[in-house]
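Working notes, beginning with the structure itself.
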There are 6 protein chains.
Amino acid sequence: MSRPDNRAPDALRPVKFQRGWTKHPEGSVLVEFGDTRVLCTASVDTGVPRWRRGSGSGWVTAEYSMLPRATNTRGDREAVKGKIGGRTHEISRLIGRALRSCLDLKALGENTITIDCDVLQADGGTRTAAITGSYVALQDAVTWLTDKKMARKPDKILTRSVAAVSVGVVGGTPVLDLNYVEDSSADVDMNVVCTGDGDFVEVQGTGEEAVFDRSTLDALLDLATKGCKELTGAQVRALLT
Amino acid sequence: MSRPDNRAPDALRPVKFQRGWTKHPEGSVLVEFGDTRVLCTASVDTGVPRWRRGSGSGWVTAEYSMLPRATNTRGDREAVKGKIGGRTHEISRLIGRALRSCLDLKALGENTITIDCDVLQADGGTRTAAITGSYVALQDAVTWLTDKKMARKPDKILTRSVAAVSVGVVGGTPVLDLNYVEDSSADVDMNVVCTGDGDFVEVQGTGEEAVFDRSTLDALLDLATKGCKELTGAQVRALLT
Amino acid sequence: MSRPDNRAPDALRPVKFQRGWTKHPEGSVLVEFGDTRVLCTASVDTGVPRWRRGSGSGWVTAEYSMLPRATNTRGDREAVKGKIGGRTHEISRLIGRALRSCLDLKALGENTITIDCDVLQADGGTRTAAITGSYVALQDAVTWLTDKKMARKPDKILTRSVAAVSVGVVGGTPVLDLNYVEDSSADVDMNVVCTGDGDFVEVQGTGEEAVFDRSTLDALLDLATKGCKELTGAQVRALLT
Amino acid sequence: MSRPDNRAPDALRPVKFQRGWTKHPEGSVLVEFGDTRVLCTASVDTGVPRWRRGSGSGWVTAEYSMLPRATNTRGDREAVKGKIGGRTHEISRLIGRALRSCLDLKALGENTITIDCDVLQADGGTRTAAITGSYVALQDAVTWLTDKKMARKPDKILTRSVAAVSVGVVGGTPVLDLNYVEDSSADVDMNVVCTGDGDFVEVQGTGEEAVFDRSTLDALLDLATKGCKELTGAQVRALLT
Amino acid sequence: MSRPDNRAPDALRPVKFQRGWTKHPEGSVLVEFGDTRVLCTASVDTGVPRWRRGSGSGWVTAEYSMLPRATNTRGDREAVKGKIGGRTHEISRLIGRALRSCLDLKALGENTITIDCDVLQADGGTRTAAITGSYVALQDAVTWLTDKKMARKPDKILTRSVAAVSVGVVGGTPVLDLNYVEDSSADVDMNVVCTGDGDFVEVQGTGEEAVFDRSTLDALLDLATKGCKELTGAQVRALLT
Amino acid sequence: MSRPDNRAPDALRPVKFQRGWTKHPEGSVLVEFGDTRVLCTASVDTGVPRWRRGSGSGWVTAEYSMLPRATNTRGDREAVKGKIGGRTHEISRLIGRALRSCLDLKALGENTITIDCDVLQADGGTRTAAITGSYVALQDAVTWLTDKKMARKPDKILTRSVAAVSVGVVGGTPVLDLNYVEDSSADVDMNVVCTGDGDFVEVQGTGEEAVFDRSTLDALLDLATKGCKELTGAQVRALLT
């Protein structure tokens with residue numbers, strides 16, 4: 001089997017992070033996984049939502065969205081339809097959980113960090129690119145917070161890093177980091193979020209077109225672990241520059 | 001470690017299916033996993049949604065909802081709020097995917113089956129009870145369709161069965177079929193949908209409170225596979241009576 | 001004229017109340033009028049809506065809803081449509097008014113009781129069954145409140161009981177407690193709410209298909225008064241067990 | 001007991017109909033019951049709603065609304081809130097039913113008449129003024145339809161007239177056509193719709209503040225019948241000029 | 001070129017103001033520009049929106065709406081559609097800005113004046129009639145406020161008057177105060193808001209059907225200035241009676 | 001007076017167009033006016049909205065939106081609020097009108113072009129940058145349509161070009177192309193859309209903080225005409241490369 005872009009089954013697409021891509025947010029990263037391009041911003045606000053006031057702890061939340069023509073065919077704007085679709089809700093919740101797993105919310109103090117992931121161009125793997133890019137934006141925002149002396153225990157806020165990647169079975173072969181063409185024809189599709197230490201934060205595998213057995217699941221988890229490790233390396237390099 | 005109801009870590013709660021619980025639907029099952037009680041109905045309509053017309057294939061969709069006082073504290077009605085929350089969307093989509101994996105939509109012909117899962121009483125595991133009960137309601141609806149000679153290839157519609165169960169790590173121990181108290185204190189929470197043959201349809205594991213390593217994941221998958229096998233047996237018995 | 005189920009024109013369908021049908025609510029009653037089955041729950045909250053704070057008085061409100069497949073043909077969920085229909089609003093308001101007429105809101109103190117009436121199976125008379133069942137749930141909730149010593153004057157909260165029934169003219173004959181088939185072909189349709197003492201709380205008669213004269217109205221009011229009296233008896237018996 | 005405007009208990013307020021008050025609608029009537037002022041328009045469209053197509057029958061529907069400052073305190077616009085309140089829904093449905101009772105929808109043919117009742121100034125009895133004024137607008141619209149030769153059986157469309165009035169118990173006395181001050185302090189409140197022949201179309205009596213016995217109900221029905229008869233006379237005179 | 005109603009190109013339609021047209025609002029003016037009829041009310045409330053509290057300054061806001069059958073063809077109610085259209089939003093914002101330009105919000109103190117402009121009959125120029133009529137209602141409301149001694153510096157609240165008129169190019173000729181027929185066939189359409197002193201508050205010119213050069217723009221501005229001056233005179237006369 | 005970035009009063013900020021910035025749309029331009037950065041895409045669809053079918057003419061529509069953190073302070077997403085604000089509506093309508101003025105919709109045939117303007121970074125003048133960039137994207141989309149031989153008269157579709165710029169009075173001086181700091185303190189604010197030939201398409205001037213006389217208006221129009229002429233030159237150069 002050959003992949004549309006001739007990658008090896010276990011190869012990521014070229015990954016690129018541009019920090020400070022827009023000037024207003026406390027963290028702003030344009031992340032690219034091949035042709036998938038997501039603008040991830042982290043916005044800091046003092047205070048927390050009403051239900052959390054007085055707890056001494058902070059909060060991190062995320063919103064994911066696609067520009068109408070990020071995709072091959074124009075999609076309707078959710079603002080125009082007046083409601084957010086199930087897929088958008090689901091991905092926003094996933095990103096929020098993944099990012100919260102990086103932080104000690106107590107150490108953050110009563111501050112809120114809002115992650116916005118806006119897909120400018122989509123070619124498969126938008127949610128995993130969003131998580132991976134958002135972690136970099138989050139770290140920039142935490143640095144900003146620390147510089148401003150807003151946090152309770154600035155050096156204890158970030159407890160681990162996260163990265164995410166998609167894996168799937170295409171034409172019978174497990175492959176890493178599917179692009180849109182592969183994603184459309186995959187029998188099994190899985191998104192995996194790992195910490196920089198190689199532990200799992202989230203595993204979401206779906207076989208709508210086909211069911212999958214334990215050995216296939218194991219092969220996919222191996223691929224995803226390898227991919228996340230490489231993405232962690234790329235995050236570290238981006239944060240050093 | 002002892003569980004709140006003294007079950008063994010790998011034991012299900014008592015499971016009960018009442019078929020024909022309401023008189024109007026083509027399939028109507030009240031399923032109970034301990035104190036969790038979900039009314040699963042399957043409604044048959046001729047025709048399919050607009051985007052599928054002329055395809056010769058059918059469609060299966062699902063909607064999940066909780067009565068306001070199914071839970072310990074009354075929740076606001078989504079109809080009153082005027083929008084469906086992210087959690088509801090996510091679970092409805094999960095149930096729909098799981099049930100569609102049981103069917104050959106071509107054999108169904110241009111008919112639609114709508115699954116409604118209304119949680120009458122919640123005590124943890126409502127989404128897995130909903131999937132497990134809905135499969136039974138779905139089979140009753142397919143029988144009804146077949147009796148009415150509405151389908152294209154009635155004996156080929158159902159291709160496999162599905163059942164679902166939750167697993168999680170509570171107090172350091174992997175346990176099967178968490179009730180509400182356990183779910184609230186779990187470090188890792190996973191929902192697994194299996195076919196009657198033991199393959200995976202969906203695996204969703206989350207570690208918001210704690211990350212998890214590969215061996216923990218393996219232990220949870222083993223438990224879930226065992227639980228789904230027992231639930232499959234209970235479905236078979238319910239359908240025989 | 002014979003009725004579909006061979007009842008006498010002035011006969012109720014079999015009535016059944018199951019108290020404590022679900023475990024979480026302060027009052028929870030599954031009421032059945034023949035095949036009509038409504039789950040009525042009463043939820044107690046400390047505090048009152050904003051516009052009532054500081055008044056020293058409590059509040060009672062009600063929400064009515066039908067499960068999508070409670071009826072012969074599946075109806076769309078109002079939560080999915082994003083708005084509540086006129087019929088639902090109207091019935092919710094009727095139930096709220098009827099239940100508030102039973103109480104001294106001053107004696108209740110600044111507590112709120114929310115009545116939820118979810119129709120699990122519909123066969124005519126869902127709003128009258130909802131009112132009749134909710135009164136029983138309300139009384140259980142008041143007992144709970146009293147046991148918790150939350151109310152100002154616990155023994156003065158309930159000032160009267162209410163029950164409700166439908167009457168109508170079918171095929172020229174006034175009949176009591178119409179089922180769905182009768183309701184669909186009725187020329188005149190009336191819902192009457194009475195107190196246990198036989199006074200009227202609410203009278204709503206409509207003749208969309210036919211107008212009605214004073215003597216017909218008198219005959220319908222006689223039937224309704226008789227029906228409510230019998231329902232009051234059934235409520236008393238249910239509350240004794 | 002004396003009434004705020006010194007009327008006899010069984011006296012209507014001054015009633016006034018201005019036909020053709022706006023120039024665009026097929027029927028346009030500004031109706032006044034004392035200081036209550038409602039603009040009732042009847043708009044004719046060829047065709048019927050989707051669910052009625054091919055039936056050969058027409059349709060009549062109504063929408064009721066209040067200008068924000070029709071009342072003493074400004075109310076929020078429902079368009080701004082993004083949803084229609086329960087009271088508005090309920091009154092719109094009542095007006096629609098009342099007006100449909102005047103017509104043979106078969107004779108109307110597949111045409112739709114939409115009644116709009118916009119309250120310009122409110123002083124009690126807005127729904128009964130709306131019904132009474134709308135009947136006059138409806139008759140003008142039917143005349144227009146007949147002149148245009150659009151209907152199937154133009155001379156058979158209108159089968160009866162309707163008028164409506166409120167009655168209530170204020171300070172222990174049954175009174176006719178309550179203004180806002182009386183309405184606010186009424187123990188029992190009833191709206192009655194009668195045909196020109198004195199039959200009932202709709203009877204809606206509510207005793208939220210107090211329950212009422214059969215003799216009170218009888219007294220209120222007598223008053224309402226008298227009031228509707230006088231309003232019918234006023235309609236006839238307005239239509240002659 | 002002759003105009004549909006034989007006016008000179010620089011002539012206004014007959015203008016009429018009826019103050020106190022409804023009894024509840026602090027200012028209530030029915031304004032007519034020919035057959036265009038708008039009810040403008042000004043409602044006074046103590047307090048300001050949340051974002052302005054503690055500023056010591058007041059606020060003025062406006063809402064514009066059309067009755068469904070104000071126009072030749074019935075339009076859907078925005079309350080029924082559940083959202084406000086772009087045109088309504090745009091006009092409401094224009095009216096608000098224009099009216100705020102008349103006032104010293106500091107002198108008003110923390111009070112809010114809400115302007116409601118409800119078009120009862122439309123024949124072109126509804127937004128300009130609304131602004132011109134609302135100024136008269138606003139002045140009545142300010143007088144009311146002053147009489148109640150609610151404002152901080154009552155005699156300094158109103159700093160100037162405003163009036164508005166439409167101009168356009170119809171059949172090649174610049175004309176003043178277009179009615180609906182002219183508006184529908186205009187190549188260029190402009191709305192101008194002027195102060196009583198002849199300065200501009202707002203200039204909005206659009207050439208969707210045709211572009212326009214500087215000399216045409218100049219001619220239109222001359223016409224509009226003349227029209228606003230005459231309208232200012234009419235406002236002054238109305239306020240004297 | 002000196003400007004924040006030391007520009008002359010009649011100088012534009014640096015302007016930059018990047019064509020083909022995203023790969024999916026038929027036209028895709030990232031336009032920059034200084035730090036204001038807007039992604040303008042033009043999407044082609046066969047067919048037209050329902051109300052235009054059978055007319056033989058095409059349609060052009062526009063939607064404007066801001067990413068939540070395009071601005072200094074994060075704004076709420078309109079999709080999350082469930083409704084589009086007045087400002088967004090107003091700007092979308094302005095862009096649509098401006099772009100439609102460039103085209104012969106008959107020559108386009110029954111095709112629709114949807115313009116999406118998503119503000120990635122805001123620093124004043126977002127609507128004028130959006131119009132100016134969208135014209136370039138529109139021309140690319142028309143070229144695409146022509147290459148596909150989809151249009152009726154491909155060489156007659158574009159009849160003129162448009163560009164837009166803001167002007168205002170800041171500190172008493174009329175200035176061109178205001179950035180955010182200047183815009184916030186402007187007494188008068190005007191947006192002007194011109195054709196490549198120097199005619200006006202749209203003139204929108206507002207003086208909420210101060211009114212303005214005719215000579216100020218003339219000075220602003222002169223500045224805007226000059227600015228649009230320079231922007232037209234930049235568009236021509238961008239389209240040549």
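Reminder, nothing fancy here: chain letters follow the sequence lines and each chain counts from 1.
Heavy atoms of other residues, nucleotides or ligands lying less than 6.0 angstrom from NZ of D:Lys106 number more than 12. Counting heavy-atom neighbours within 6.0 Å of D:Lys153 NZ, excluding the residue itself, gives a total of 12 or less. The 12-atom threshold is exceeded at NZ of C:Lys81, counting heavy atoms of other residues, nucleotides or ligands nearer than 6.0 Å. Atom NZ of D:Lys229 is surrounded by 12 or fewer heavy atoms from other residues, nucleotides or ligands within 6.0 Å.
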Verdict with supporting geometry, D:Glu90 and C:Leu94, side-chain contact (heavy atoms from CB on, under 4.5 Å): CA-CA 11 Å; D:Glu90 199 167 315; C:Leu94 169 65; over 6 Å; no
From CA spacing to verdict: side-chain contact (heavy atoms from CB on, under 4.5 Å), C:Arg214, D:Asp218: CA-CA 10 Å; C:Arg214 184 67 172 266; D:Asp218 284 337; 3.5 Å; yes
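Contact annotation for C:Asn191: neither backbone nor side-chain heavy atoms come within less than 4.5 Å of a heavy atom of chain D. In this structure, the portions of C:Asp222 lying under 4.5 Å from any heavy atom of chain D include both its backbone and its side chain. At a 4.5 Å heavy-atom cutoff, D:Asp197 makes no contact with chain C through either its backbone or its side chain.
Rounded to the nearest 0.5 Å, atoms OG1 (D:Thr88) and NE2 (C:His89) are 9.0 Å apart.
Comparing C:Asp213, C:Asp199, C:Thr225 by heavy-atom pairs within less than 4.5 Å of chain D, the highest count is held by C:Asp199. Of the listed residues (D:Leu221, D:Val193, D:Ile84, D:Thr195), the greatest number of heavy-atom pairs within a distance under 4.5 Å of chain C belongs to D:Leu221.
Here the closest non-hydrogen pair linking D:Leu217 and C:Phe200 is CD2-CE1, 3.7 Å.
Looking only at side-chain heavy atoms (C-beta outward), C:Arg87 and D:Arg93 come within less than 4.5 Å of each other. Counting heavy atoms from C-beta outward, C:Val203 and D:Gln204 have side chains that stay 4.5 Å or more apart.
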